[in-house]
Amino acid sequence: DMGGHDTYMHKEVFEQAEAVDRVLRGRIDDRFATVHLGGLNLDAREARSVRRIKILGCGTSYHAGQIGAGLIEELARIPADAEPASEFRYRNPVVDPDTLYVAVSQSGETYDVLAAVQELKRKGARVLGVVNVVGSAIAREADGGTYVHAGPEVCVVSTKCFTNTVVAFALLALHLGRVRDLSVTDGKRIIEGLRKLPAQIEEILKTEPEIKQLAKAYADARSMLFIGRVRGYPVAREASLKLKEVSYIHAEAYPASELKHGPLALIDPSMPTVAIVPDDDLLEKNRAALEEIKARSGRILAVAHQEQEKADHTIVVPKNEDELDPILMGIPLQLFAYHTALALGRDIDKPRNLAKSVTVE
Ligand code: F6R
C-alpha cells in the first residue's frame with residue numbers, strides 16, 4: 001500500500017519525520033543529558049575502555065556509517081572510521097581487542113556484512129549491530145546493538161533507513177560521549193538538536209515543488225559532481241549514489257578540498273556540481289570551492305543554510321547543531337534524485353540491475 005504516493009521511494013522519503021521521531025522515542029534522558037540504548041550490552045566501564053571504533057557496511061549503510069564515525073569522533077572523541085564491509089573482509093584485517101566493531105545494515109542480511117561479523121567474532125572481537133530489520137541475521141550474530149526503527153523499506157533505494165541510521169549513530173555517539181568527556185551542556189545542546197529534527201525534516205519536504213523544478217533543469221546532464229568537506233563529504237557521497245542508482249546519471253563525489261588535485265579539469269558548462277555548504281567553520285573554504293567552479297563556467301546547485309551567491313541555485317535547509325546538520329542536508333537531494341529519475345522515466349522503486357538485499361558475495 002503506497003498510501004496515496006506513486007512510488008515507495010516517494011512514500012518512504014515522506015515518512016522520515018515520523019521515522020526519526022520513532023528512533024528518538026523513549027531513549028532521551030534529560031536528567032543526565034544522555035540517551036539509553038537498551039540492547040547495546042556495553043556497560044559504562046566497557047564504553048570507557050574502547051580505544052577505536054570501526055564501522056562496516058555496504059552502499060548507503062556504509063555512507064551512514066561514515067557520518068556515524070564523524071559523530072563519534074566529534075561527540076565521544078574516540079577515533080572512528082567506516083569501511084566497506086567487503087573490502088574489510090578480503091584484506092585480512094588486523095583485529096584489535098580494544099576496537100569496537102559496528103556492523104550497519106538495513107536488511108540485516110547483506111552477505112558481505114554478515115561474513116565480516118562472523119570473521120570478527122571468530123577472532124574474538126566485540127561487534128555491535130546498527131540494523132533495521134528486527135531479528136535479521138546480522139542482528140542475531142552481533143553481541144548487541146541498536147535497531148534503527150525506520151519501519152519497513154520497500155524501495156530498492158534506501159532513504160528513510162539512511163536517515164534513521166545516522167540518527168541512531170548520533171544517539172550512540174551521545175551515549176559514548178556522556179560516559180566519557182562530553183559536557184552536560186553539550187549533551188543538552190545535542191538533545192535539543194535531535195528533538196528539532198522531525199519538524200525540520202517536514203520543513204525540507206515542503207520545498208518539494210522547488211526541488212522538482214531544479215531536477216528538471218539538471219536532468220539533461222550526462223554526469224554530475226557532488227562535493228562536500230568533512231561533515232559534508234559523506235552527505236555528498238550518499239547523494240551521488242542516490243542520483244546514479246535511481247536516475248542512471250553518472251555522478252561522482254569528491255571532497256571539495258581535492259577539486260584542485262584533479263576533478264577541476266572536468267568542469268565546464270555541461271558538468272554541473274552539487275555542493276554541500278553548511279554554515280559551520282568551513283563555510284569560507286566551501287565558498288572558495290564554489291568560486292573555483294564558477295570561474296570555469298560550471299553550473300552549481302548548493303545545499304546550504306543561506307542563499308549562496310556563487311551558486312546558480314541554492315536549496316536552503318534549516319540549521320541545526322553543526323554536528324547534526326549532515327542528517328538534514330541529504331534529504332533535499334533524495335528528492336532531487338527522485339524527481340530527476342521521474343523526469344527521465346526511470347523505474348524508481350526497482351532500478352535496473354539492483355536488488356534490495358544482496359545475500360550473495
Ligand atoms: C542504496 C542501497 C544499497 C544498500 C546496500 C546495503 O540505496 O540500497 O547500496 O544500502 O546494498 O544494504 P543493507 O543496508 O541492507 O545491508
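We use all heavy atoms of the structure for the numbers below, so side chains are in, but hydrogens, waters and symmetry mates are not. Counting convention: from 1, in listed order, for ligands and their atoms alike.
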Subject >> The single option from Glu307, Glu210, Gln306 passing side chain to side chain contact (heavy atoms under 4.5 Å, CB included) against Val316 >> reply: Glu307
Subject >> Polar proximity ligand 1 side, Lys356 side, N/O cut 3.5 Å exclusive >> reply: no
**OP:** Could you check atom 12 (O) of ligand 1 against the protein and tell me its nearest heavy-atom contact, residue, atom and distance included?
**Re:** Thr110 OG1, 3.5 Å
**OP:** Could you list the atoms of ligand 1 found under 4.0 angstrom from a heavy atom of Ser107?
**Re:** 13 (P), 15 (O), 16 (O)
Original post:
Would one find an N or O of Val104, backbone or side chain, under 3.5 Å from an N or O of ligand 1?
Top reply: no
Original post:
Does a salt bridge link Glu292 with Arg296, judged by any charged N lying under 4.0 Å from a carboxylate O?
Top reply: no
Original post:
Can you list the steps and then say if Glu15 with Lys11 is a salt bridge (charged side-chain N to carboxylate O under 4.0 Å, His left out)?
Top reply: CA-CA 6 Å; Glu15 281 170 348; Lys11 173 174 184 267; 3.0 Å; yes
**OP:** Specify the protein heavy atom at minimum distance from atom 11 (O) of ligand 1: its residue, its atom name, and the distance to 0.1 Å.
**Re:** Val358 CG2, 4.2 Å
Subject >> For Lys54, the option from Val102, Asp81, Val95 that meets side chain to side chain contact (heavy atoms under 4.5 Å, CB included) >> reply: Asp81
Original post:
Would a 4.5 Å heavy-atom cut-off, applied to side chains only, mark Lys285 and Arg229 as touching?
Top reply: yes
**OP:** Specify whether His10 and His339 have parallel, tilted or perpendicular ring planes, treating 30° as the upper limit for parallel and 60° as the lower limit for perpendicular.
**Re:** perpendicular
Subject >> Any Ser357 heavy atom less than 4.0 Å to ligand 1 >> reply: no
**OP:** Answer with side chain, backbone, both or neither: which part of Val156 has a heavy atom less than 4.0 angstrom from an atom of ligand 1?
**Re:** backbone
Original post:
Relative to ligand 1, is Glu109 under 4.0 angstrom through side chain, backbone, both or neither, heavy atoms considered?
Top reply: neither
Original post:
Which of the atoms in ligand 1, numbered in the order shown and given with their element, are less than 4.0 Å from a heavy-atom of Glu245?
Top reply: 1 (C), 2 (C), 7 (O)
Original post:
Is there a path from Tyr8 to Phe336 through hydrophobic residues (I, L, V, M, F, W, Y) whose side chains come within less than 4.5 Å of each other?
Top reply: no
Subject >> Per-atom contacts of ligand 1 with Val157, taking only distances under 4.0 Å to non-hydrogen atoms >> reply: 7 (O)
Original post:
In terms of atom number and element, which parts of ligand 1 are under 4.0 angstrom from non-hydrogen atoms of Lys242?
Top reply: 1 (C), 7 (O)
**OP:** Check each atom of ligand 1 against the heavy atoms of Thr60 and keep those under 4.0 Å away; list them by number with element.
**Re:** 1 (C), 2 (C), 7 (O), 9 (O), 10 (O)
**OP:** State whether a side-chain donor-acceptor pair under 3.5 Å links Tyr90 with Glu361.
**Re:** yes
**OP:** Using the rule that two of Ile, Leu, Val, Met, Phe, Trp, Tyr join whenever any of their side-chain heavy atoms come within less than 4.5 Å, decide whether Phe88 and Val127 are in one cluster.
**Re:** yes
Original post:
With a cut-off of 4.0 Å, which atoms of ligand 1 are near a heavy atom of Ser61?
Top reply: 10 (O), 13 (P), 14 (O)
Original post:
Closest non-hydrogen protein atom to atom 6 (C) of ligand 1, residue and atom name please, with distance?
Top reply: Cys58 O, 3.3 Å
